[in-house]
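Structure, as structure tokens:
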There are 2 protein chains.
Amino acid sequence: MMPKYLHIYHQLVSRIQDGTLPAETKLPSETELMHEFEASRGTVRKAIDALQDKGFVRKHQGKGVFVLSQDAIAFQFNGIVSFSEAHRQMGQHDVKTDVLSCTTIEATAELANQFHVAPGTSLTEVKRVRTIDGERVIYDINLFVTSLVPGLTTEIAGGSIYAYIEQTLGRQISYAKRKIEAQPATIDDQQHLDLEGTTHVIVITNDTYYYEGQHFERTQSRHRLDKFQFTDIARR
Amino acid sequence: MMPKYLHIYHQLVSRIQDGTLPAETKLPSETELMHEFEASRGTVRKAIDALQDKGFVRKHQGKGVFVLSQDAIAFQFNGIVSFSEAHRQMGQHDVKTDVLSCTTIEATAELANQFHVAPGTSLTEVKRVRTIDGERVIYDINLFVTSLVPGLTTEIAGGSIYAYIEQTLGRQISYAKRKIEAQPATIDDQQHLDLEGTTHVIVITNDTYYYEGQHFERTQSRHRLDKFQFTDIARR
DNA sequence: AGATATTTGTACGTATGTATT
DNA sequence: CAATACATACGTACAAATATC
């Protein structure tokens, strides 16, 4: 049984998306929504708060609740998105993943410190190359704490590791820290990517954490300059 | 007078930051916090919800509220941050802004479409170069809808335009869409930046919106490759 | 395994405060 | 000044998930 506030939330989202509630217009007041949905004021407020969190509306004390422009709303594909998820969304590209290696290594002092584990702890290292439309444009180096992501195989790494973690292992991913910068291309990059003469690569370093707060992954995703694009939406 | 829930929120943030409530531990239960702060359960819950929104804790029905690792919390400098804000935070760099030009132009059909205004509408264009430690590393091209950001002068552009908008104009910025990509350096880039032989620049295109949803700015921020870094935190 | 207690989630109601119209 | 609309705060009751005995 869906909570009542979520029902109200979904109804309002529909009205915003189908144009019944166009951008820049005011939502019905809390009192009106109470009567329409036969809910208490707290429940209506919870639904509106959710709308604001998701970026559909903006509340203004004394004035009302305003629908934000569709541009912003259509932009909701941020968050943690893996390579295959991202490209499935973007449409018809010929995408291929080659697993170069899938081995276990021992954590160096530095890595142990990063992951908050003891030095020598087993880590699983996966190296993959992503080919889009015949060009090798992304080189991924994943490092997992083996005990937190057990049973990784080359076969699994060929698909979506995140799907394996969430569906097979049943663990929930909470958040990821992300750093984006440019670095000079290394010899490894030259070997594994079709650089087409570019001298630098874009490096995305991703640290991913479980719900319980355990740091279980650090990934370096090395992109060819001209095939890289990142979008997001930032709220004050 | 600060709302009670914010007082509770700040108290708990302090305890998390000074280590009284270390990572991975459980917060006192809602009942305990009610007694400690002599507040109702709803008020305590609102404080905890705020903690979760800011990424300090994670709530779990039936289990409790858990403090997330400090790493994540120290990472809270995301959102919309202007150039001077960002560098004031990062520490002692010698930062200088040169305003190349500050003129008004008429919106082309394409620009008018972007901003949802009529073609020919007046736009204010500002071109600036940012020098850090003696090197010209960022070239900013801002476009503002003049009627939405009136009174811009070269002098204001030499400081923080965002501060002018929020403090002098008294407008509130709501959100920004951001795109990050690499582009080949243009002749303009070569002229205004110390490229040091790099062939590409990182381009951040920023579209900024007021609370009321009006799109008032598009900025291109062109960074020298090796001086660029972007961090954020993504939550599922 | 099962009953019970604990902890967070949802929902209702009421009163009062603050910002805007 | 009054009416409207959102914000805060209190209280109560029951549901759902988890922990404990």
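Residue numbers begin at 1 in each chain, while the letters A, B, ... track the order of the sequences. Hydrogens, waters and symmetry mates are skipped; everything else that's a heavy atom, side chains included, is used.
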Rounded off to whole Å, could you give me the NE2-to-P distance for the B/H35 and D/dG11 pair? 10 Å
Rounding to an integer number of Å, can you tell me how far A/I48 CD1 sits from D/dA7 C1'? 12 Å
Please classify the nucleic acid contact of B/G42 as base, sugar-phosphate, or nothing, using heavy-atom distances under 4.0 Å. nothing
Residues in side chain to side chain contact (heavy atoms under 4.5 Å, CB included) contact with B/K4, at least two apart in sequence or another chain: B/A39, B/T43
Let me know the distance between CZ of B/R45 and C1' of D/dG11, rounded to the nearest Å. 15 Å
Please name all residues satisfying side chain to side chain donor-acceptor pair (under 3.5 Å) with A/T168, sequence neighbours left out, ordered by chain then number. none
What is the distance, to the nearest angstrom, from the CG atom on B/D49 to the P atom on D/dT8? 12 Å
Under the side chain to side chain contact (heavy atoms under 4.5 Å, CB included) rule, collect the residues that match up with B/T154, sequence neighbours excluded. B/V99, B/C102
Ion pair check, B/K179 and B/D207, cut-off under 4.0 Å: no
So does A/E217 get a backbone contact from the side chain of A/H215, meaning a donor-acceptor N/O pair under 3.5 Å? yes
Tell me, with the steps shown, if B/I165 and B/Y210 meet side chain to side chain contact (heavy atoms under 4.5 Å, CB included). CA-CA 10 Å; B/I165 288 171; B/Y210 283 138; 3.8 Å; yes
Neighbour count above 12 (heavy atom, 6.0 Å) for A/E106 CD: no
Rounding to a whole Å, what distance do you find between A/F66:CZ and D/dC6:P? 9 Å
For atom CE of B/M2 and atom C1' of D/dA9, their distance in whole Å: 16 Å
Remember a base hit wins even if backbone is also touched, and classify B/E38 as base, sugar-phosphate or nothing at under 4.0 Å, heavy atoms. sugar-phosphate
Partner set under side chain to side chain contact (heavy atoms under 4.5 Å, CB included) for A/P119, not counting sequence neighbours: A/A112
By nearest-heavy-atom nucleotide on DNA chain D, the more 5' of B/V44 and A/E32 is A/E32
Where chain B begins and ends its contact with DNA chain C, read 5' to 3' at 4.0 Å from heavy atoms: C/dT7 to C/dT10
Enumerate the protein-to-nucleotides 13-21 of chain D contacts in which both atoms are nitrogen or oxygen and the separation is below 3.5 Å.
residue, atom, partner, partner atom, Å
D/dA16, N3, B/Q61, NE2, 3.1

For the pair A/F144 and A/F216, name the ring-plane relationship: parallel under 30°, tilted 30 to 60°, perpendicular over 60°. parallel
